[in-house]
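Proteins get letters first, then strands, A, B, ... in listed order; numbering begins at 1 in each. Side chains are part of it too, since the values below use all heavy atoms of this structure and drop only hydrogens, waters and symmetry mates.
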2 protein chains.
Amino acid sequence: MTLVQLEYIIAVDTYRSFVVAAQKCFVTQPTLSMQVQKLEETLGVKLFDRSKQPVVPTDIGIEIINQARTVLIENQKIKELVSDRQKELFGELKIGIIPTVAPYLLPKIINGFVEKYPLVKLIVWEKTTEEIIQQLKTGMLDCGLLSTPLHENNLVEIPVFYENFVAYVSKNSSLFKKKSILPNDINLEEVWILNEGHCMRDQVLNICQRKSSTKSFQHFEYNTGSVETLKRMVDQNNGATILPELALEEMTVKQLDKVRYFKSPEPAREVSLVIQKSFLKRKMIDALKNEIIDFIPKRMRSKKKKDVVEI
Amino acid sequence: MTLVQLEYIIAVDTYRSFVVAAQKCFVTQPTLSMQVQKLEETLGVKLFDRSKQPVVPTDIGIEIINQARTVLIENQKIKELVSDRQKELFGELKIGIIPTVAPYLLPKIINGFVEKYPLVKLIVWEKTTEEIIQQLKTGMLDCGLLSTPLHENNLVEIPVFYENFVAYVSKNSSLFKKKSILPNDINLEEVWILNEGHCMRDQVLNICQRKSSTKSFQHFEYNTGSVETLKRMVDQNNGATILPELALEEMTVKQLDKVRYFKSPEPAREVSLVIQKSFLKRKMIDALKNEIIDFIPKRMRSKKKKDVVEI
DNA sequence: AAAAACAATAGATAAAATTGATAATTAGTA
DNA sequence: TACTAATTATCAATTTTATCTATTGTTTTT
């Protein structure tokens with residue numbers, strides 16, 4: 001049994017194809033096939049059922065592949081022990097961020113981070129919560145920045161900040177006259193909402209429907225994955241939408257005029273760095289966390305007087 | 001980096017010698033040296049300081065060797081996943097047992113175990129507590145059967161039984177006339193005690209000196225590591241000694257006559273199966289535990305009404 | 001200072017992993 | 001049912017790697 005063989009079976013499991021797995025491992029298909037066979041021979045069990053297309057791992061194969069992941073992670077940590085000794089952080093950090101957080105946070109901190117840690121290569125993907133969870137588990141991502149709690153057993157959440165939601169309303173909305181609002185002031189009919197797959201969509205629905213359970217008829221449907229688009233819908237049409245607090249940072253005075261805050265306790269979302277239980281690349285992730293905390297206003301560090309919305 | 005290289009550096013660390021490590025790994029010294037060098041090269045750090053004799057691991061070397069142990073353990077678990085599927089237990093189980101437990105327990109259960117699990121090879125060593133702890137940590141032993149609690153952070157204790165201590169007294173001892181005794185009835189001057197290194201020695205001293213803190217002058221010193229020898233000293237000379245409950249099992253009527261029980265709560269020792277946190281070979285160890293429990297009288301399963309002595 | 005023990009080095013050899021070409025198998029389609 | 005495309009297994013040749021024997025420097029012990 002070798003570490004390479006373990007890498008190979010993980011690749012086959014990940015891509016469900018010997019050909020693709022071989023490409024990803026930068027070897028030819030026979031090479032990979034041979035090594036997988038050898039491993040199967042030394043263990044005395046078939047790991048994959050090749051009679052099906054695409055190949056699927058056997059029952060015992062699933063268990064073994066999982067354990068193989070653990071072995072490789074523990075092995076990774078050896079290299080990490082070495083690079084941790086270096087004064088300077090070094091290596092690459094693969095981050096997944098949900099689209100409702102990314103635009104307000106990343107541009108602000110990326111420059112500072114890259115300057116502070118010039119040897120670290122940040123690789124960022126905008127992905128949905130579901131994708132990030134999946135890829136954290138397989139190790140394709142090192143960490144995720146998303147709204148929690150996830151109630152995922154194999155992941156560890158490191159809460160970074162608590163971001164209030166605010167209403168953003170057009171002048172002809174009934175909400176515009178109010179100084180501050182309550183969740184059941186909101187008429188779901190006039191609220192622009194993100195399309196499915198975004199956790200913030202669920203959170204917003206959670207806030208609005210909490211008391212006003214009137215399922216109203218939607219006259220018009222517009223699907224977007226971008227909070228900025230929602231804002232523009234309000235700006236250029238009418239109605240209202242819910243924005244995360246950080247979206248206010250770049251607003252003009254005219255736009256800030258349309259913001260209505262919720263009465264305390266304000267609905268808020270918990271945003272966390274999420275990592276595997278393996279705690280790989282801990283130092284880099286800690287550095288990233290500190291960079292975020294430095295940027296975030298102090299009031300957002302605590303969840304006091306906030307009503308953290310579930311997903 | 002390969003698993004073999006990790007095995008090699010662990011061997012070098014264990015034996016503090018390239019020559020011996022090579023022998024234990026069944027390769028020649030240059031082979032092992034080369035692989036260690038290669039690993040040092042890929043990691044970019046020296047793992048051992050060869051300028052000193054015997055070789056010592058560097059600071060980073062210690063960390064890396066520890067992590068290497070974790071990697072190999074996790075790798076072992078892959079094989080275990082396979083053998084766990086087998087209905088029959090299979091493999092070898094290396095057990096360390098303290099000498100004050102071994103003679104009363106092992107002969108009773110070994111036959112039953114070997115019969116029940118014919119494919120398991122039991123390898124038993126009688127060792128002191130300290131040695132067992134040490135070798136559990138390095139993985140040279142799979143489990144230990146010894147008196148607990150050990151307060152060792154990396155080991156897990158699975159209490160198996162609670163064994164009372166009893167006094168064994170000669171006819172001309174003042175204790176002989178009593179029906180049952182208290183710890184401070186015992187005169188340390190006339191008690192035969194195990195030599196240093198045995199945890200039961202400390203426990204016995206703990207019992208006797210707890211209240212009678214009179215440090216008395218010992219007229220005669222006899223060093224033995226065997227509880228049976230202590231018993232014979234009482235049989236053929238005079239004085240008294242403390243025996244573990246299981247030692248009574250094989251006694252003649254004449255000998256049982258010399259036993260004096262302590263008043264409740266009787267002083268007792270906790271005997272546990274101790275394993276690494278890695279939970280390797282869990283199934284075999286569970287089987288062993290059940291075998292022991294089957295043999296042990298029911299009253300010994302619980303620590304109720306017993307005064308468990310610290311080590 | 002000499003001897004013994006130890007680790008590093010060099011060249012030769014055996015073992016292995018990898019490759020390219022090809023055969024066998026499976027899934028989907030006409 | 002036969003055909004095509006895609007996928008995996010097999011085989012011989014090649015490259016790479018690990019290991020061995022013999023030997024050379026070190027360090028430690030006597």
Original post:
Using a cut-off of 4.0 Å on non-hydrogen atoms, how would the nucleic acid contact of A/Val4 be classed: base, sugar-phosphate, or nothing?
Top reply: nothing

Subject >> Residues within residues 8-21 of chain A bordering DNA chain C, heavy-atom distance below 4.0 Å >> reply: A/Tyr8

Original post:
Going by heavy atoms closer than 4.0 Å, what residues in residues 33-47 of chain A are next to DNA chain C?
Top reply: A/Gln35, A/Lys38

**OP:** Report the distance from atom CG of B/Asp49 to atom C1' of C/dA7, rounded to the nearest whole Å.
**Re:** 12 Å

Shorter than 3.5 Å, N or O on both sides, protein versus nucleotides 22-30 of chain D: list them out with atom names.
none

Salt-bridge present ([X], [Y]; N to O < 4.0 Å):
| X | Y | answer |
| --- | --- | --- |
| A/Lys38 | A/Glu41 | no |
| B/Lys77 | B/Glu80 | no |
| A/Asp49 | A/Lys52 | yes |
| B/Arg85 | A/Asp59 | no |

Subject >> B/Ile78 side chain near A/Leu6 side chain, heavy-atom distance below 4.5 Å >> reply: yes

Subject >> Residue pair B/Phe48 / B/Glu40: nearest heavy atoms and the distance that separates them >> reply: N-OE2, 3.3 Å

Original post:
Of the non-hydrogen atoms in A/Ile98 and A/Ser147, which two are nearest, and what is the gap between them?
Top reply: CD1-N, 3.7 Å

**OP:** Decide whether B/Gln29 and B/Ser33 meet the rule of one side-chain donor and one side-chain acceptor closer than 3.5 Å.
**Re:** yes

**OP:** Going by the salt bridge (charged side-chain N to carboxylate O under 4.0 Å, His left out) test, name the single residue among B/Arg69, B/Lys24, B/Lys137 that passes it with B/Asp13.
**Re:** B/Arg69

Original post:
Do you know which of A/Lys121, A/Lys281, A/Arg282 makes salt bridge (charged side-chain N to carboxylate O under 4.0 Å, His left out) with A/Asp142?
Top reply: A/Lys281

Original post:
Can you find a side chain N or O atom of B/Thr31 that sits less than 4.0 Å from OP1 or OP2 on D/dT19?
Top reply: no

